[in-house]
Amino acid sequence: MIGGVGASAVALTLAGCGGGGGASVGSYGFAQVEQDDKAPITVWVDSDRVGAADAFKKANADVKINVVTYDGSANGSNSFRTKVQLFDRAGSGWPDVVFSTQNNDAAWASQKTNGKEPFAAVLNGGLVPKATLDAFTEGSLAPCTVEGKVYCLRNDLAQAVLWYDKSLLDKFGYAVPTTWEEYQALGEKVAKEHPGYIVGTVGDPWTPEVYFWGSKCQANGITGPKTVTVNVETTECKRAATMLDTLIKNGTTPNISVFTPEFLKKYSGKVLMMPGPAWYAGAIFNNPQSLNVPKGQLGVGAPPAWQGDTAVTGNVGGGTWFVSSHSKNLKAAEKFVEFVTTADDYQVNVAPGFPAYAPAAEKWIKKQESSGYYATDLQALVKAGSQIWTGWGSGVFSQEAIWAKTMTPAIAGGKSIADLLPEWGTAIKNQAQVNGYTVK
């Protein structure tokens with residue numbers, strides 16, 4: 001799940017480019033069909049990435065491109081994988097480029113299916129220049145990398161930071177917490193001194209990616225294409241659960257989705273702080289249809305550290321671009337994905353999220369800071385981009401779907417997250433095994 005919330009799905013057909021026959025291993029290290037540098041490319045995007053395709057067409061009028069809009073596999077719909085499986089069976093129809101809102105697609109797109117070549121082209125075998133790959137923010141291509149091979153390019157990062165209302169903090173005389181212990185203590189203080197104000201939420205399926213990933217909880221330790229370590233009863237998991245239980249109970253961290261009318265009705269003007277991804281800035285705070293926080297109030301703090309531990313953070317989406325190994329025009333497909341992930345014309349001037357490509361991110365930050373909207377600089381956002389904990393992997397199965405099904409209803413029923421940890425762990429293990437993982 002990322003900032004492309006609510007993307008509308010449009011029916012896809014088997015009319016994509018690419019063929020299944022006559023493939024041979026080419027210079028890039030994967031089986032390729034006969035190439036045609038003049039062949040049109042078919043690109044799948046979600047509605048929020050139509051602007052990327054438009055920017056490319058404007059800058060590259062010589063490249064023939066067919067744009068198809070789909071749901072981007074939003075909310076774990078798995079539509080990308082489902083359609084590719086259909087094309088694999090048909091032996092044709094694959095698009096040349098695909099955008100996905102999910103970060104776990106490389107886990108399946110890098111693997112052969114029923115003897116068919118993997119959908120995703122290897123990008124670090126010479127197809128994408130090494131200098132380009134090296135310029136992505138450190139660690140940002142980890143979800144795209146399987147056994148040393150890079151299969152996709154990240155569109156934007158969704159690193160979790162501590163968003164806060166500086167005007168409210170100043171008014172109440174509170175300091176920005178730098179540790180989770182300070183964060184909990186402030187939440188307890190707010191409950192007593194300013195009831196009705198909140199410091200976070202647990203009502204969305206990406207809750208574990210904010211609080212548990214940022215606590216180094218080993219709920220999602222992907223160690224190979226089909227191996228995962230799941231241990232949710234460690235100190236790192238329990239400390240996050242206990243903190244959330246305290247803040248849920250005192251009303252400062254409600255079990256309500258930030259994208260509901262109920263949330264806006266109850267908490268507009270009352271969000272003191274909220275740990276969450278980079279895209280919260282535009283999707284929630286600076287959005288007339290959401291909290292609509294006035295100019296000069298929104299500040300951003302570094303991800304809190306647990307006392308005695310190094311600060312790390314989680315990641316909530318970010319989006320990925322894939323080139324199809326079946327493409328008849330790899331040259332044009334590569335040109336497209338490199339443009340939409342690195343070019344200022346899109347990433348700096350149009351894209352709403354924090355670019356994964358470091359040179360673009362630097363310019364994007366300067367542009368955001370110069371807008372005068374924020375109450376602080378955005379350097380905490382930059383630093384957090386390289387603080388994403390590597391112990392939480394990108395498996396085929398969705399942690400968000402598991403949390404939504406297992407934990408959200410139980411929390412709504414008044415159950416303690418700390419007490420639910422074994423149940424959560426079992427649900428993760430079961431889902432992993434259903435998807436063919438060996439669980440350790």
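This structure is a prediction, so every number in the text was calculated from the model and none was measured.
- With rounding to the nearest 0.5 angstrom, the OG atom of Ser290 is 5.0 Å from the CG atom of Leu264.
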#### Entry: Stepwise side-chain hydrogen bond (donor to acceptor under 3.5 Å, both in side chains) check, Ser398 with Lys405
CA-CA 11 Å; Ser398 168; Lys405 183 179 179 180; over 6 Å; no
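- In plain terms, the two heavy atoms of Thr179 and Pro304 that are nearest each other are C-CB, 3.7 Å.
- More than 12 heavy atoms of other residues, nucleotides or ligands sit less than 6.0 Å from atom CD of Gln379.
- Below 30°, between 30° and 60°, or above 60°: for Trp180 and Tyr211 the angle between ring planes is between 30° and 60°, a tilted geometry.
- Taking both residues in full, the closest heavy atoms of Pro177 and Tyr183 are given as CB-N, 3.6 Å, listed atom of the first, atom of the second, then distance.
- Side chain of Glu338 to backbone of Thr132: no donor-acceptor contact under 3.5 angstrom is found.
- Taking NZ from Lys363 and OH from Tyr357, the interatomic distance works out to 8.5 Å, rounded to the nearest 0.5 Å.
- Without hydrogens or angle criteria, Asn250 side chain to Thr252 main chain gives a donor-acceptor distance under 3.5 Å.
- Using modelled atom types, one finds a donor on one side chain and an acceptor on the other under 3.5 Å when comparing Thr310 with Lys216.
- A tilted orientation is assigned to the rings of Tyr267 and Phe263, their planes being inclined by 30° to 60°.
- Taking OH of Tyr346 as the start and OG1 of Thr341 as the end, the distance is 10.5 Å to the nearest 0.5 Å.
- A donor-acceptor pair is defined here as one N or O able to donate and one able to accept, closer than 3.5 Å; no such pair exists between the side chain of Ser268 and the backbone of Lys265.
- Between Tyr174 and His194, the two ring planes are perpendicular [angle over 60°; tilted spans 30° to 60°].
- With salt bridges taken as basic N to acidic carboxylate O contacts below 4.0 Å, none links Lys58 and Asp345.
- Heavy-atom neighbours of Glu369 CD from other residues, nucleotides or ligands within 6.0 Å: above the threshold of 12.
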### Task
Could you give me the CA-CA distance, side-chain angles and deciding distance for Leu244 and Phe212, then say whether side chain to side chain contact (heavy atoms under 4.5 Å, CB included) is met?
CA-CA 10 Å; Leu244 289 175; Phe212 288 87; 3.9 Å; yes
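- Contact annotation: the side chain of Phe99 never approaches that of Asp48 to less than 4.5 Å [non-hydrogen atoms, C-beta and beyond].
- Looking at every heavy atom in both residues, Ala380 comes nearest to Gly301 through CB-C, 3.6 Å.
- The aromatic rings of Phe56 and Phe339 lie perpendicular to each other, with more than 60° between the two planes, well past the 30° mark.
- Using a 4.5 Å heavy-atom threshold, the side chains of Glu400 and Glu209 count as touching.
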### Task
Might you work through the side chain to side chain contact (heavy atoms under 4.5 Å, CB included) test for Asn220 and Trp213, ending with a clear yes or no?
CA-CA 9 Å; Asn220 199 38; Trp213 191 338; over 6 Å; no
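- Closest heavy-atom contact between Asp71 and Ser77: OD2-OG, 2.7 Å.
- Between the NZ atom of Lys335 and the CD1 atom of Ile41 there is a distance of 10.0 Å, given to the nearest 0.5 Å.
- Looking at Trp163, its side chain never comes within 3.5 Å of a backbone N or O of Phe285 through a donor-acceptor pair.
- Although no hydrogens or angles enter the test, the distance criterion places no donor-acceptor pair under 3.5 Å between the side chain of Glu334 and the main chain of Leu330.
- With hydrogens and angles disregarded, a donor-acceptor distance shorter than 3.5 Å links the side chain of Arg154 to the backbone of Ser140.
- Remark: the backbone N or O of Ala333 is not paired with any side-chain donor or acceptor of Asp96 at under 3.5 angstrom.
- Under the 4.5 Å side-chain criterion, counting only non-hydrogen atoms from C-beta, Ile417 is in contact with Ile411.
- The shortest non-hydrogen separation linking Ser215 to Arg239 is OG-NE, 2.8 Å.
- Across Leu169 and Leu186, no two heavy atoms sit closer than the pair CD2-CD2, 4.4 Å.
- Although no hydrogens or angles enter the test, the distance criterion places no donor-acceptor pair under 3.5 Å between the side chain of Asn60 and the main chain of Val63.
- Within the 4.5 Å cutoff, the side chain of Asn315 has no heavy atoms near those of the Pro277 side chain.
- The closest side-chain donor-acceptor pair between Asp105 and Ser100 falls under 3.5 angstrom.
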#### Entry: Thr408 vs Asp204, side chain to side chain contact (heavy atoms under 4.5 Å, CB included): CA-CA, chis, key distance, verdict
CA-CA 8 Å; Thr408 302; Asp204 290 291; over 6 Å; no
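- With Asn103 contributing its side chain and Gly317 its backbone, the two residues share a donor-acceptor pair below 3.5 Å.
- Counting only heavy atoms from C-beta outward, the side chains of Gln431 and Val434 approach each other to under 4.5 Å.
- For the residue pair Ser416/Asp245, the side-chain donor-acceptor check at 3.5 Å is satisfied.
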### Task
Mind running side-chain hydrogen bond (donor to acceptor under 3.5 Å, both in side chains) on Asp88 and Thr113 for me, showing each step along the way?
CA-CA 8 Å; Asp88 282 346; Thr113 306; 4.5 Å; no
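- Ring to ring, Trp389 and Trp306 are not that close: their centroids are 6.0 angstrom or more apart.
- Under the 4.5 Å side-chain criterion, counting only non-hydrogen atoms from C-beta, Thr253 is in contact with Val199.
- Classified by interplanar angle (parallel below 30°, tilted 30° to 60°, perpendicular above 60°), the ring pair Tyr197/Phe172 is perpendicular.
- Applying the side-chain contact (heavy atoms from CB on, under 4.5 Å) criterion to Ala219, with sequence neighbours excluded, gives Cys217, Val232, Trp392, Trp424, Ile428.
- Here Thr406 contributes atom OG1 and Gln399 contributes atom CD; the two are 10.0 Å apart, rounded to the nearest 0.5 Å.
- Between Gln368 and Tyr374, some side-chain heavy-atom pair lies under the 4.5 Å cut-off.
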### Task
Might you work through the side chain to side chain contact (heavy atoms under 4.5 Å, CB included) test for Arg49 and Asn155, ending with a clear yes or no?
CA-CA 10 Å; Arg49 250 51 58 170; Asn155 182 73; 4.1 Å; yes
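- At distances below 3.5 Å, at least one donor-acceptor pair connects side-chain atoms of Ser325 with backbone N or O atoms of Phe119.
- Between Tyr70 and Val98, the closest side-chain pair of non-hydrogen atoms falls below 4.5 Å.
- The distance from atom NZ of Lys238 to atom CD of Glu236, rounded to the nearest 0.5 Å, is 10.5 Å.
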#### Entry: CA sep, side-chain torsions, deciding dist, call: Trp108, Phe80, ring-ring contact (aromatic ring centres under 6.0 Å, His included)
CA-CA 11 Å; Trp108 63 264; Phe80 175 21; 4.9 Å; yes
